[in-house]
Amino acid sequence: MKRITILVADDEAEIADLIALHLEREGYQIIKAEDGKEAVQAIQTHSIDLAILDIMMPKLDGHEVTRQIREKHQMPIIFLSAKSSDLDKITGLVIGADDYMTKPFNPMELVARVNAHLRRSMQLSQPKVDHNLLEAGGLTIDPDKRTVNLYGEMIELTPKEFDILYLLAAHSKKVFSVENIFQHVWGEAFYESGNTVMVHIRTLRKKLGEEENNKNKWIKTVWGVGYTFNG
């Protein structure tokens with residue numbers, strides 16, 4: 001597993017060493033830079049997960065380093081500076097820093113903030129899982145996009161066909177009567193419109209490639225009761 005790498009850029013060697021000592025105890029890999037140009041080079045040549053930057057560095061200050069980082073990267077950036085006014089803090093955050101600590105600082109508080117920002121960054125970088133998707137075998141139903149995919153092919157459904165399929169699939173194994181389906185999908189009181197529902201079921205089955213003698217239908221008829229999803 002890749003070790004998390006943190007850039008510590010500060011022209012005061014004692015401060016950089018102190019930060020490195022505490023972060024290495026947490027298991028992090030540390031890369032140090034003595035000025036802004038070294039910091040930019042480190043970003044370009046290493047995979048950095050978080051940067052701790054002093055603002056008043058030689059060659060390039062922390063603000064300029066942050067601007068260059070933000071052109072290509074979204075890693076968390078923590079400013080560590082002797083500048084303590086509210087304006088300085090606001091400026092740093094507006095430029096692109098995620099946090100701002102003033103010197104002198106508590107090393108343990110810095111470690112806690114580093115851990116928090118890394119935790120949040122890693123959560124945001126995780127692939128997003130759409131918990132609304134319904135999947136069964138080779139069938140995928142996306143209620144947000146209102147799409148149906150069957151074995152890699154998109155199936156074109158009418159709005160009512162989609163609503164019927166989603167209703168059944170979202171309540172797998174539950175049996176819906178024709179009256180239940182009509183009330184849920186059409187949103188109206190049932191008025192002897194069973195044929196309307198059955199016509200939609202029939203066309204839906206055809207689009208899903210179901211044959212009359214196929215025992216593994218997506219939509220199963222429960223004789224005398226109604227329909228259920230068989231995925």
Side-chain angles (χ1 to χ4, degrees), residues 1-4 47 49-50 70 72-77 93-94 96-99 112-231:
M1 183 177 176
K2 173 186 173 294
R3 286 181 67 190
I4 292 174
S47 177
D49 298 290
L50 181 144
R70 286 292 177 249
K72 296 181 179 179
H73 305 283
Q74 293 301 317
M75 71 189 70
I77 297 175
L93 296 173
V94 168
D98 298 277
D99 205 345
R113 294 195 188 195
V114 166
N115 291 338
H117 283 292
L118 286 171
R119 199 161 49 240
R120 191 175 301 115
S121 176
M122 289 176 183
Q123 288 172 350
L124 292 173
S125 66
Q126 292 298 316
K128 292 185 178 178
V129 178
D130 190 342
H131 295 288
N132 292 323
L133 286 179
L134 296 179
E135 297 179 312
L139 183 68
T140 302
I141 305 170
D142 187 335
D144 295 327
K145 297 179 181 177
R146 293 183 65 83
T147 59
V148 175
N149 191 291
L150 181 62
Y151 300 120
E153 289 188 24
M154 199 68 71
I155 306 299
E156 295 293 333
L157 301 182
T158 66
K160 288 295 188 286
E161 289 167 355
F162 180 90
D163 290 340
I164 292 171
L165 180 60
Y166 184 73
L167 173 67
L168 298 177
H171 303 85
S172 182
K173 306 306 179 184
K174 178 178 178 179
V175 180
F176 286 84
S177 68
V178 170
E179 180 179 356
N180 291 152
I181 294 173
F182 188 87
Q183 291 174 339
H184 277 90
V185 173
W186 275 263
E188 301 174 8
F190 185 69
Y191 51 89
E192 299 299 326
S193 298
N195 190 56
T196 300
V197 173
M198 289 185 283
V199 168
H200 280 78
I201 293 284
R202 185 162 61 247
T203 57
L204 180 55
R205 280 174 163 166
K206 184 176 180 180
K207 290 181 179 181
L208 292 174
E210 297 183 352
E211 301 294 337
E212 287 300 322
N213 61 352
N214 185 354
K215 295 181 180 179
N216 297 314
K217 294 180 179 180
W218 295 108
I219 300 172
K220 179 182 178 182
T221 300
V222 180
W223 296 108
V225 183
Y227 300 94
T228 186
F229 186 74
N230 197 36

Open item on the list: What's the separation between atom CD in Glu135 and atom CG in Asn149, rounded to the nearest 0.5 Å?
Closed with: 9.5 Å

Open item on the list: On a heavy-atom basis, which atom in Met75 and which in Asp98 lie closest, and how many Å separate them?
Closed with: O-OD2, 3.8 Å

Task: 4.5 Å side-chain heavy-atom contact, Ile181 and Ile164 - done: yes

Task: Gap separating the NZ atom of Lys206 from the CD1 atom of Ile201, nearest 0.5 angstrom - done: 15.5 Å

Open item on the list: Taking Lys174's backbone N and O only, do any of them form a donor-acceptor pair with Thr228's side chain (distance below 3.5 Å, no angle check)?
Closed with: yes

- [ ] To the nearest 0.5 Å, tell me how far Met154 CE sits from Thr147 OG1.
- [x] 5.0 Å

Open item on the list: For a quick test of reading the model, state the closest non-hydrogen atom pair linking Leu204 to Glu161 and the distance between them.
Closed with: CD2-O, 3.7 Å

Task: Over all atoms of both residues, closest heavy-atom pair of Leu168 and Phe229 - done: O-CB, 3.3 Å

Open item on the list: Just so I know, are the side chains of Arg205 and Thr221 near enough to count as touching, which here means a heavy-atom distance under 4.5 Å?
Closed with: yes

- [ ] List the atom of Asp49, the atom of Pro76, and the distance in Å for their closest heavy-atom pair.
- [x] O-CD, 3.2 Å

TODO: Might you work through the side chain to side chain contact (heavy atoms under 4.5 Å, CB included) test for Glu179 and Gln183, ending with a clear yes or no?
DONE: CA-CA 6 Å; Glu179 180 179 356; Gln183 291 174 339; 3.4 Å; yes

Task: Rounded distance (nearest 0.5 Å) linking atom CD1 of Ile4 with atom CG of Leu118 - done: 5.0 Å

TODO: Measure across Leu150 and Leu208 and return the closest heavy-atom pair with its distance rounded to 0.1 Å.
DONE: CD2-O, 3.4 Å

TODO: Would you list the pairs meeting ring pair (Phe, Tyr, Trp, His ring centres under 6.0 Å) in which at least one residue belongs to residues 158-181, sequence neighbours left out?
DONE: His171-Phe176, Phe176-His184

Open item on the list: Could you check whether any side-chain heavy atom of Thr158 comes within less than 4.5 Å of a side-chain heavy atom of Thr203, counting everything from C-beta outward?
Closed with: no

Open item on the list: Using the ring-ring contact (aromatic ring centres under 6.0 Å, His included) criterion, which residues pair with His117? Sequence neighbours excluded.
Closed with: none

Open item on the list: Once rounded to the nearest 0.5 Å, what's the spacing between atom CD1 of Ile77 and atom CZ of Arg70?
Closed with: 3.5 Å

